[in-house]
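One structure below.
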Amino acid sequence: MKSSGVASIAAAALSGALFAMSVTADLPPIVIKGSHFFFENGTEFFIRGVAYQQDVNSNGSTSTTGSFTDPLADSAGCSRDIPLLKELGTNTIRVYAINASLDHSACMQMLQDAGIYLIQDLSNPSSSINRNDPTWTTELFADYAAVVDAMANYTNVLGFFAGNEVSNDVSNTNASAFVKAAVRDMKSYIKTKGYRTIGVGYATNDNADIRIDLAHYFNCGDAADAIDFWGYNIYSWCGDSSYTVSGYDQRTAEFANYSVPAFFAEYGCNTVQPRQFTEVQAIYGKNMTGVWSGGIVYMYFQETNDFGLVSVSGDTVTKLADFTALSKQLALATPSSTNSANYVVTNTVAQACPATGTDWAAASALPPIANADVCTCMVTSLSCVAETGLSDNTTASLFSTVCGLDKTACAGINTNGTTGVYGAYSMCNSYQKLSFSLDQYYKNQNKASTACNFNGQAKTQSGSTSSSCSSLLNQAGSAGTGTVTTAPTGTGASSSSGTSTKKSAAGAVIIPRLDMGLLQLGAYLFAAGIVGGGMILL
Ligand SMILES: *[C@@H]1O[C@H](CO)[C@@H](O)[C@H](O)[C@H]1NC(C)=O
Ligand SMILES: *[C@@H]1O[C@H](CO)[C@@H](O)[C@H](O)[C@H]1NC(C)=O
Ligand SMILES: *[C@@H]1O[C@H](CO)[C@@H](O)[C@H](O)[C@H]1NC(C)=O
Ligand SMILES: *[C@@H]1O[C@H](CO)[C@@H](O)[C@H](O)[C@H]1NC(C)=O
Ligand SMILES: *[C@@H]1O[C@H](CO)[C@@H](O)[C@H](O)[C@H]1NC(C)=O
Ligand SMILES: *[C@@H]1O[C@H](CO)[C@@H](O)[C@H](O)[C@H]1NC(C)=O
Ligand SMILES: *[C@@H]1O[C@H](CO)[C@@H](O)[C@H](O)[C@H]1NC(C)=O
Ligand SMILES: *[C@@H]1O[C@H](CO)[C@@H](O)[C@H](O)[C@H]1NC(C)=O
Ligand SMILES: *[C@@H]1O[C@H](CO)[C@@H](O)[C@H](O)[C@H]1NC(C)=O
């Protein structure tokens with residue numbers, strides 16, 4: 001279906017498929033060389049993109065209920081909209097959240113047939129890194145990996161975003177350490193699974209205080225940990241602005257040395273209506289194409305935020321003035337391109353990691369690889385574990401008690417994105433983390449018979465370590481203060497009992513759910529390793 005048109009047809013014939021497969025060949029994958037995108041044949045690829053999802057705000061936030069509509073599982077919607085996207089001159093769509101368990105094949109085939117690539121965000125409204133309470137966990141790993149699994153086979157997947165506007169001002173920059181860990185782990189996962197090389201990037205808002213540090217942070221250090229491309233959500237060209245008034249000139253200078261492709265992951269300021277999209281000539285013109293690889297207009301659907309190109313009602317689509325204006329501008333945009341073979345990569349040096357200080361709080365040392373095997377091995381090895389099925393409140397209370405009694409018992413589960421000190425088990429689920437701290441306490445009490453009880457909420461077990469676990473546990477160290485460098489072999493997050501750390505909102509997100517009680521909030525903070533001492537909560 002996805003590797004080549006010929007193979008698809010053969011496979012369909014062999015399996016006696018009941019419906020006719022498209023005879024159109026799948027699109028050639030887009031490859032990255034230096035700071036540009038190319039077709040495999042060497043022609044440079046500029047993104048002419050449109051954001052395609054209902055109910056997603058331009059800043060990435062969405063409903064607080066955690067629900068969303070997966071546009072790529074809606075084949076009726078795709079057949080309604082893809083012809084219009086094609087008419088517009090679109091070659092890429094950005095989708096903010098999909099449900100990995102649904103069938104995307106019909107929409108993906110229609111996109112292939114229309115010559116349209118996809119940039120897919122990995123988070124969704126119920127599974128993302130929370131900017132106010134950042135964690136990178138085995139549960140998030142499994143959810144993000146499921147999106148990679150659902151999409152990796154389609155040759156028209158241009159790349160993934162591992163986060164959208166997560167750190168969005170100076171108060172929450174430490175969250176970037178966790179997002180960069182997500183980038184690192186998803187890049188590694190794509191390799192482990194033997195998928196084609198697909199880039200993993202990050203999409204940022206445009207905050208003057210942090211924009212440079214952010215761009216440098218995600219590009220700095222070991223290339224295996226760094227983004228493959230940078231997406232800028234930028235709304236600084238409003239009405240018939242200009243290259244200089246919009247600040248595009250400065251942004252372009254800032255990215256002149258960037259070692260991976262950069263593009264506008266959202267653009268299209270709407271403070272002057274109707275939009276004329278005069279920025280299109282700048283984005284695809286000589287001033288910018290040496291540095292930027294095009295952009296993605298926000299957005300297809302007209303909603304209350306008034307950014308739509310079309311309005312949709314059931315099966316009916318109505319083109320708005322913005323559609324016509326954008327279509328005209330894109331038709332006039334004829335970027336002069338570099339051919340891959342003639343392109344000598346000059347931006348070979350990554351940016352330096354920003355120092356932590358008043359404006360930047362994310363350490364260059366990243367949180368642990370979210371390897372679920374490490375967590376299951378750890379629990380099996382313990383002599384004292386939590387009872388299963390404890391409520392969130394009881395779990396919070398136990399964290400509070402044990403970490404309060406013995407701070408060192410919790411070193412293996414705490415995280416600090418600013419110091420870059422992370423417990424080796426800080427990515428595990430709440431049950432696993434609680435069990436680790438109870439076991440540490442028990443051991444620190446020389447396994448006194450009373451030290452593994454906690455009102456019947458803890459129990460002893462005969463811990464064991466299989467040979468496949470011993471290397472992981474040795475790396476983690478007996479107090480959980482080591483660093484495990486082994487990547488997981490599968491997605492295998494074990495969602496054992498314990499506090500849910502689900503978040504709300506695409507890519508970024510707000511506070512724990514409003515329906516969360518105080519104790520649940522305590523458990524939440526504890527599970528996230530945010531609260532260390534324990535006496536604060538209860
Ligand atoms: C390379 O492939 C793209 C996409 O199929 C096509 O648009 C372009 O014309 C090709 N370039 C050359 C030089 O054949
Ligand atoms: C995101 O956009 C929504 C709707 O436009 C707005 O209510 C919210 O305050 C914005 N959030 C941030 C963090 O900018
Ligand atoms: C994904 O779809 C399945 C099947 O319809 C549904 O049970 C599940 O709740 C959906 N997940 C999300 C996060 O919407
Ligand atoms: C992807 O393709 C491989 C090889 O053809 C196949 O084994 C695998 O099942 C496919 N995965 C999905 C999710 O379609
Ligand atoms: C780009 O690199 C050149 C040469 O190393 C240097 O002079 C210049 O300051 C750099 N510009 C940026 C924006 O980093
Ligand atoms: C390119 O930059 C020059 C110098 O700043 C400016 O005058 C011109 O308008 C820019 N071109 C476009 C298409 O924005
Ligand atoms: C991280 O460590 C710094 C320096 O020790 C400290 O000021 C800060 O409160 C810590 N943050 C958390 C979340 O523990
Ligand atoms: C990140 O910073 C915020 C704001 O200072 C703080 O509340 C939170 O505990 C920090 N989290 C981590 C994991 O460092
Ligand atoms: C958990 O604690 C909160 C805050 O004290 C309380 O409102 C809630 O009822 C408790 N939940 C249960 C199930 O005991």
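Every number for a ligand or one of its atoms is a count from 1 in the order of the listing. Computation of the quantities below employed the complete heavy-atom set of this structure, encompassing side-chain atoms and omitting hydrogens, waters and symmetry-equivalent molecules.
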For residues F38 and F45, establish whether the separation of their ring centroids is below 6.0 Å.
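Not under 6.0 Å, so no.
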Ring-ring centroid check Y144 Y189, cutoff 6.0 Å:
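Distance test on ring centres: not under 6.0 Å, no.
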Mark yes when over 12 heavy atoms from residues, nucleotides or ligands other than K443 sit less than 6.0 Å from its NZ; otherwise mark no.
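Yes - once you tally the heavy atoms of other residues, nucleotides and ligands closer than 6.0 Å, there are more than 12.
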Interfacing atoms of ligand 7 (cut-off 4.0 Å, heavy-atom, N416):
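Close to N416: 1 (C), 2 (O), 3 (C), 8 (C), 10 (C), 11 (N), 12 (C), 14 (O).
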Would you mind running through ligand 8 and noting each atom that sits below 4.0 Å from a heavy atom of T415?
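Within the 4.0 Å cut-off of T415, ligand 8 contributes 13 (C).
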For G417, take its heavy atoms, then give the atoms of ligand 8 lying under 4.0 Å from any of them.
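Those of ligand 8 that fall under 4.0 Å from G417 are 12 (C), 13 (C), 14 (O).
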Is there a nitrogen or oxygen of N174 sitting under 3.5 Å from a nitrogen or oxygen of ligand 8?
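Checking ligand 8 against N174, an N or O pair does fall under 3.5 Å apart.
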Do F178 and ligand 8 have an N or O pair less than 3.5 Å apart?
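In fact, backbone or side chain, F178 has no N or O that close.
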I'd like to know if the side chain of Q440 pairs up with that of N444 as donor and acceptor (distance under 3.5 Å, no hydrogens or angles considered).
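Result is no, nothing qualifies.
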What does the list of residues with a heavy atom under 4.0 Å from ligand 1 look like, ordered by chain and number?
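The answer is F39, N41, T43, counting any residue whose heavy atom sits under 4.0 Å from ligand 1.
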Salt bridge D225-K180, side-chain N to carboxylate O under 4.0 Å:
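No salt bridge links D225 with K180.
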Pi-cation contact, Y232 with R211 (under 6.0 Å, within 45°):
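Not flagged: R211 not positioned over aromatic ring of Y232.
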For E165 and T204, work out which heavy atoms get closest and say how close.
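Result for this residue pair: CG-C, 4.0 Å.
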Heavy-atom gap T419 to ligand 7 smaller than 4.0 Å
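Under 4.0 Å: yes for T419.
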